[in-house]
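Read through the structure below, which is laid out as structure tokens, and then see the notes.
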Amino acid sequence: MGNCFKTPSTDDISLLRGHDNQDGAEQALGPPPPYQERVPVYHPSPNVSRLANQLSEEEQIKIAKRLGLISHLPVGVYDGSSKKGKECVICMNEFILGESLRFLPCMHTYHRDCIDDWLMRSFTCPSCMEPVDAALLSTYETN
Amino acid sequence: MRLIWSSGYVELKLNKNPVEGFSAGLVDDDDIFKWEVMIYGPQDTPYEGGYFKAHLNFPKEYPQKPPKMIFMSPMWHPNIGEDGNVCISILHEPGDDKYGYETAAERWLPVHTVETILLSVISMLADPNDESPANVDAAKMWREEPAEFRRRITQCVRKSQDDL
């Protein structure tokens, strides 16, 4: 057992050196680039931004629940017939035919990307401040 | 992209239907994230007659996150820090559920614009909120020595006129 620690004071690195010289060209290229993937950023709290792989378990659950709730909100495509507003009041752009929209229970409509980003930060309608979760529940109850 | 559109929209709106009390433009034509605004001291307040310059610094996530506003002109107000930082609820990111929905309504919303922010700031000048002051000395003076409070503001108003 004790022998494990009885190593020579200097390592024989001659073989390594030889190896180094032979593969000098390969060494110059440097190590392979790290595995890169675009990791999404989430907001476990409104003023906190964290990469998906740096979230605590509690935060992951909270975000998963929020994503689940958002997925229950109806979506649609702008067909030009909407009588209620022709503009997304978040980005202030007019809706363009074919754009993806999200309808909140309070009947306010936004671009899907604009409102989904906001709902991950605060689960309320930015126009009327109606809490979206309570509204979702009441629509289930009345149905 | 959003900001280009929103700023274009606000400028358009300002030109078409000018709102009294402020003017706005870019600090540098190449940087749409930095705005310079001029706020006119509201009538019937100690700030009347002042031309107060301020900068609005927008984050890349605007309008999902609020801009920061800082007065470049010297100011004396309970809700403006001595460094010029404006501390009002609509410039704070929405609180979590623990704040309750009522206060969330007073915080930042992505539907706010330069116009709504500045209208809030103008109303703040007329009506300070000393519950959570950014400048404790100014808040104390506002409550306890109103005459001295007005005198300090008059100095700021004169300075802003000299700087024009």
Side-chain angles (χ1 to χ4, degrees), chain A residues 40-50 56 58-59 61-63 65-66 69-70 84-96 99 102 104-106 108-138, chain B residues 1-17 19 24 32-33 35 56-68 85 87-120:
Chain A
V41 176
Y42 287 110
H43 310 281
S45 299
N47 48 1
V48 179
S49 301
R50 239 199 287 285
S56 72
E58 200 181 323
E59 288 167 346
I61 292 169
K62 191 181 162 194
I63 287 163
K65 279 184 181 167
R66 183 67 61 88
L69 285 170
I70 293 175
K84 295 186 190 76
K86 291 183 170 158
E87 177 195 80
C88 172
V89 290
I90 295 178
C91 68
M92 293 181 162
N93 286 323
E94 280 185 17
F95 295 132
I96 296 169
E99 272 183 333
R102 172 85 74 189
L104 298 194
C106 53
H108 287 110
T109 305
Y110 306 92
H111 280 130
R112 190 173 170 176
D113 289 347
C114 294
I115 192 64
D116 286 9
D117 191 346
W118 174 252
L119 292 177
M120 289 306 292
R121 296 163 193 262
S122 174
F123 207 44
T124 47
C125 171
S127 295
C128 63
M129 290 312 295
E130 184 172 38
V132 179
D133 44 4
L136 260 179
L137 281 175
S138 66
Chain B
M1 285 309 278
R2 278 189 188 120
L3 192 69
I4 296 173
W5 278 99
S6 343
S7 59
Y9 180 84
V10 170
E11 294 219 277
L12 194 74
K13 237 177 144 177
L14 288 178
N15 293 339
K16 261 193 193 164
N17 183 17
V19 175
I32 53 157
F33 291 98
W35 284 52
L56 280 166
N57 298 321
F58 292 88
K60 298 278 182 274
E61 292 107 320
Y62 178 85
Q64 303 285 350
K65 288 177 84 167
K68 286 191 168 56
N85 267 302
C87 183
I88 52 171
S89 57
I90 73 156
L91 293 183
H92 296 156
E93 286 193 56
D96 218 337
D97 294 346
K98 66 180 173 183
Y99 293 105
Y101 292 112
E102 270 172 41
T103 47
E106 294 163 7
R107 290 172 172 243
W108 176 253
L109 296 169
V111 298
H112 280 306
T113 62
V114 171
E115 204 170 14
T116 59
I117 293 165
L118 295 186
L119 288 173
S120 286

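Lettering of chains follows the sequences in order, A, B, ..., and the numbering in each one begins at 1.
Side-chain contact check for B:L109 versus A:M129: some heavy-atom pair is nearer than 4.5 Å.
One distance of note links NE2 of A:H43 with CD of B:E93; it measures 9.0 Å at 0.5 Å rounding. The distance from atom CD of B:E61 to atom OG of A:S49, rounded to the nearest 0.5 Å, is 5.5 Å. We find the NE2-CD1 distance between B:H112 and A:I90 to be 12.0 Å, quoted to the nearest 0.5 Å.
Here the closest non-hydrogen pair linking A:S127 and B:V111 is OG-CG1, 4.2 Å. Taking each heavy atom of B:W108 and A:W118 in turn, the nearest pair found is O-CH2, 3.3 Å.
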